[in-house]
Amino acid sequence: MSEEFNVQESAAEEVSQDAMDNFVSLKKGDSVKGTIVKIEDNQAYVSLGYKYDGVIPIRELSAVQIDNATDAVQIGQEVELKVVSINDDKESLVLSKRQVDGEKAWDQLQQRFESGEVFEVAVADVVKGGLVADIGVRGFIPASMVERHFVEDFSDYKGRTLRVKVKEIDRENNKVILSQKEVLDAEFEQSKQQVLASLEAGQELDGTVQRLTPFGAFVDIGGIDGLVHVSELSWQHVAHPKDVVSEGQAVRVKVLKVDPAAGKISLSLKAAQPGPWDTAGSQFATGDIITGTVRRLVPFGAFVEIAPGVEGLVHISQIAHRHIATPNEVLKEGQEVQAKVLDFNPAEKRVSLSIKETEEAPEQPAASARPERAPRSPKIEKIDNPNVSLSNESMSYSLAERFGDKLKNLK
């Protein structure tokens, strides 16, 4: 009986020794691997083969501030950790995921900085001046380095995945600056050169309106923006691009000009649509009386819009029945008038109009009596008489003789 007891005791000691051998020996600063077994009270519990489980406080889970432990780890996940503190008497084992991630991150970030590698990061937080990402250490993306265009509100960027490059790295000051804009700029430039090389004037393309300015609309035609000047948005007058198109709208455009050296593309929205002259042929005919609007006054006449984008000329001689020195005497811009089509030539985009042909000519005033003409000097007929002379000399002589005595008395 005593021998049986000794055997059992010896076996128990061996089991206990085996169990002790399986336990991990730990000290502060050690790196260990474990598995997340529980997330509670905003901290994660880890089983790593020690006498008791360790705990990762939320501050030690990530290099950036997080609201919940589940933002950094999940149950069942295997993690590499560093022992922050250990107290077997109190069965307290505090671990850090952040410290291990940080040590690995610096070396990797330095390599990425030197090689210019593009990599993905998740936006962990939106702060004043930009975005924060957990890349093993705290990575900061300034607002000016997020997009190629200005962004007013970044509130919806949290949780987004961005493609970035390391712009600046300073391990001593724990500083890492990231940039997505550099990635986008490089991709844009590559795409731009490819698109520019493939474009020719006259091509029609599908595009998307990206942004509006007072002078026109920028349209994305496949990785590159072209400008549709406000004058090329519509066949009608446009005060502001927003009156015709909106951001995000799909449009059909025609290439007017490509300047590869300057990287500029001129586009037209109206040129890709049927023009007003294309449909005007079926609307008007010579002799028609139409209503139009005076758009421009020039010294030689007035241009009247008879359909959107279709203007005809009323020559100054066709404005009024009476003589006028300038069209301004009778007409003003914006005035609605009736006009008759004198000539219509859609092929040459020419319309001749007359306003006076739609009005009755005023009655002519009654003819006044003609003033009496002064009596004509009597025609002196040639007298065939040798005794009569009508020469100046003979007349002078005769008058002198006739009135000579009277003239003497006046002296």
Side-chain angles (χ1 to χ4, degrees), residues 199-222 224-259 264-298 300-315 318-319 327 331-355 358:
L199 289 179
E200 292 181 359
Q203 279 182 287
E204 289 193 11
L205 305 165
D206 292 320
T208 304
V209 178
Q210 292 298 307
R211 54 195 173 96
L212 304 178
T213 67
F215 55 84
F218 286 92
V219 177
D220 181 356
I221 53 173
I224 185 172
D225 290 349
L227 174 64
V228 180
H229 190 266
V230 65
S231 63
E232 292 294 332
L233 283 169
S234 173
W235 290 105
Q236 302 180 52
H237 172 71
V238 178
H240 194 282
K242 66 181 179 182
D243 298 332
V244 181
V245 292
S246 57
E247 292 183 1
Q249 180 180 341
V251 292
R252 184 79 174 173
V253 293
K254 188 172 187 175
V255 179
L256 299 181
K257 183 180 178 182
V258 181
D259 186 349
K264 294 182 179 179
I265 305 170
S266 297
L267 305 172
S268 175
L269 196 65
K270 71 180 186 182
Q273 303 169 348
W277 289 95
D278 296 331
T279 57
S282 60
Q283 292 180 270
F284 308 105
T286 301
D288 287 352
I289 304 296
I290 58 176
T291 300
T293 304
V294 178
R295 292 303 182 196
R296 290 178 291 145
L297 297 177
V298 292
F300 54 84
F303 286 95
V304 176
E305 186 179 53
I306 59 176
V310 178
E311 291 184 357
L313 173 65
V314 182
H315 190 267
Q318 294 295 326
I319 291 177
L331 303 173
K332 60 182 180 180
E333 293 183 359
Q335 180 180 345
E336 190 174 274
V337 295
Q338 293 282 315
K340 183 177 181 178
V341 178
L342 300 181
D343 181 48
F344 185 66
N345 190 333
E348 297 182 7
K349 299 181 179 179
R350 188 182 69 242
V351 182
S352 297
L353 304 171
S354 174
I355 294 176
T358 65

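In this text the structure is predicted, and so the values were computed from the model without any measurement.
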Just verifying a value: how many Å separate His237 NE2 and Arg295 CZ, rounded to the nearest 0.5 Å? 9.0 Å
OG (Ser268) and NZ (Lys254) are apart, to the nearest 0.5 Å, by 8.0 Å
If you look at every heavy atom in Val209 and Ala217, which pair is closest and at what distance? CG1-CB, 4.4 Å
Chi angles and distances behind the side chain to side chain contact (heavy atoms under 4.5 Å, CB included) call for Glu232, Leu267: CA-CA 8 Å; Glu232 292 294 332; Leu267 305 172; over 6 Å; no
Between Val255 and Glu200, is a side chain to side chain contact (heavy atoms under 4.5 Å, CB included) present by the stated rule, with each step listed? CA-CA 7 Å; Val255 179; Glu200 292 181 359; over 6 Å; no
Between Val238 and Pro241, which heavy-atom pair has the shortest distance, and what is it? CG1-N, 4.2 Å
Pairwise side-chain contact, Val219 with Leu269, heavy-atom cut-off 4.5 Å (strictly under): no
When rounded to the nearest 0.5 angstrom, what distance separates NE2 in His229 from CZ in Phe215? 8.0 Å
Once you round to the nearest 0.5 Å, how far does CZ of Arg252 lie from CG of Leu205? 6.5 Å
With under 30° as parallel and over 60° as perpendicular, where do the rings of Phe284 and Phe344 fit, or are they tilted in between? perpendicular
Lys332 side-chain N/O to Val294 backbone N/O, donor-acceptor pair under 3.5 Å: no
List the atom of Gln249, the atom of Val245, and the distance in Å for their closest heavy-atom pair. OE1-CA, 3.2 Å
Tell me the closest heavy-atom pair linking Leu212 and Glu247, and the distance in Å. N-OE2, 3.7 Å
If I compare all heavy atoms of Glu311 with all of Arg296, which pair ends up nearest, and what's the gap? OE1-NH2, 3.0 Å
Lys264 NZ to Leu227 CG distance, which is reported to the nearest 0.5 Å: 9.0 Å
Between atom NZ of Lys257 and atom CG of Leu199, what is the distance when rounded to the nearest 0.5 Å? 14.5 Å
What are the two closest heavy atoms between Gly301 and Ile319, and how far apart are they? CA-CD1, 4.4 Å
Between Thr291 and Glu336, is a side chain to side chain contact (heavy atoms under 4.5 Å, CB included) present by the stated rule, with each step listed? CA-CA 7 Å; Thr291 300; Glu336 190 174 274; 3.5 Å; yes
So which of Leu342, Ile306, Leu313 actually passes side chain to side chain contact (heavy atoms under 4.5 Å, CB included) with Leu353? Ile306
Is it true that a side-chain atom of Trp235 and a backbone atom of Pro308 form a donor plus acceptor pair closer than 3.5 Å? no
